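Lettering follows sequence order; numbering is per chain, from 1. Remember, predicted model here, so these are calculated numbers, not experimental data.
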Amino acid sequence: DQQVKQNSPSLSVQEGRISILNCDYTNSMFDYFLWYKKYPAEGPTFLISISSIKDKNEDGRFTVFLNKSAKHLSLHIVPSQPGDSAVYFCAASEGGSNYKLTFGKGTLLTVNP
Amino acid sequence: EAGVAQSPRYKIIEKRQSVAFWCNPISGHATLYWYQQILGQGPKLLIQFQNNGVVDDSQLPKDRFSAERLKGVDSTLKIQPAKLEDSAVYLCASRGGNEQFFGPGTRLTVL
């Protein structure tokens, strides 16, 4: 049973346009959500996070939106750049001191020049 | 600040052989994680340490996988004997605040 779902395996956008990556979750106990970015042959790197007490968090070109009632979050990248091309993983945690993360399968973003 | 170090980066073995992976977390990070990432999937937690104690190993196949963190710093993950389905990237991460920092991973191929 997959608790974190990224239903789009891939996404292709033009440079300068907006990229929207989506993530759904089923576990209502999740209260902290993160996005990680992964380049080939490297480990995932933290991008942005959001607590369940918020519905939006922004960091430069990256914004994460959380809709708790729909159990849905999205990552917006504006404007998209070729260097953003990578696999993006959505992850969720039930909080507490363990911070155990459950990951989605990832979405491959390709930004075309 | 140095990141999470892992070695080796790549390993090819035959089934039924044993293999070990090493991880050195970011200095001062008490919490260390081992993940398995199968091709096309997200990372799956295998085991979590707090200092040298195990916090969560519920998804570790204990009949063949073992891990230790004897002095609360470096950690090793061992597979004995390996199966074909163990082919994956094994990621080590350490936690600072709410963020987990990942190493580059070890890509294991079991033939």
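- Contact detail for L91(B) and G43(A): the closest heavy-atom pair is CD2-CA, 4.2 Å.
- Proximity of K100(A) to Q59(B): side-chain heavy atoms (C-beta onward) are separated by under 4.5 Å at one or more points.
- Cluster annotation: F65(B) and I13(B) are assigned to the same hydrophobic cluster (Ile/Leu/Val/Met/Phe/Trp/Tyr, side-chain heavy-atom contacts under 4.5 Å, transitive).
- Hydrophobic cluster membership is shared by I48(A) and I77(A), with clusters built from Ile, Leu, Val, Met, Phe, Trp and Tyr side chains linked at under 4.5 angstrom.
- Heavy-atom distances place no part of Q6(B) under 4.5 Å from chain A, backbone and side chain included.
- Aromatic ring centroids of Y35(B) and F103(A) lie under 6.0 Å apart.
- Contacts between R107(B) and chain A at a heavy-atom distance below 4.5 Å are absent for every atom of the residue.
- Residue K5(A) places its NZ atom among 12 or fewer non-hydrogen atoms of other residues, nucleotides or ligands, all under 6.0 Å distant.
- Atom CZ of R64(B) has more than 12 heavy atoms from other residues, nucleotides or ligands within 6.0 Å.
- The structure places NZ of K44(B) at 11.5 Å from OG1 of T102(A), a figure rounded to the nearest 0.5 Å.
- Looking at heavy atoms from C-beta onward, Y36(A) lies in side-chain contact with F102(B) at the 4.5 angstrom threshold.
- Under the 4.5 Å side-chain contact rule for hydrophobic residues, F21(B) and I47(B) share a cluster.
- Between the side chain of Y33(B) and the main chain of L101(A), no donor-acceptor pair closer than 3.5 Å is present.
- For the pair E99(B) and F46(A), the tightest heavy-atom approach, listed with the atom from each and the gap, is OE2-CB, 3.1 Å.
- Interface remark: S58(B) contributes side-chain atoms only to the contact with chain A (heavy atom separation under 4.5 Å).
- Other residues, nucleotides and ligands contribute over 12 non-hydrogen atoms within 6.0 Å of the NZ atom of K62(B).
- A chain of hydrophobic side-chain contacts below 4.5 Å, direct or via other Ile, Leu, Val, Met, Phe, Trp or Tyr residues, connects L47(A) to L109(A).
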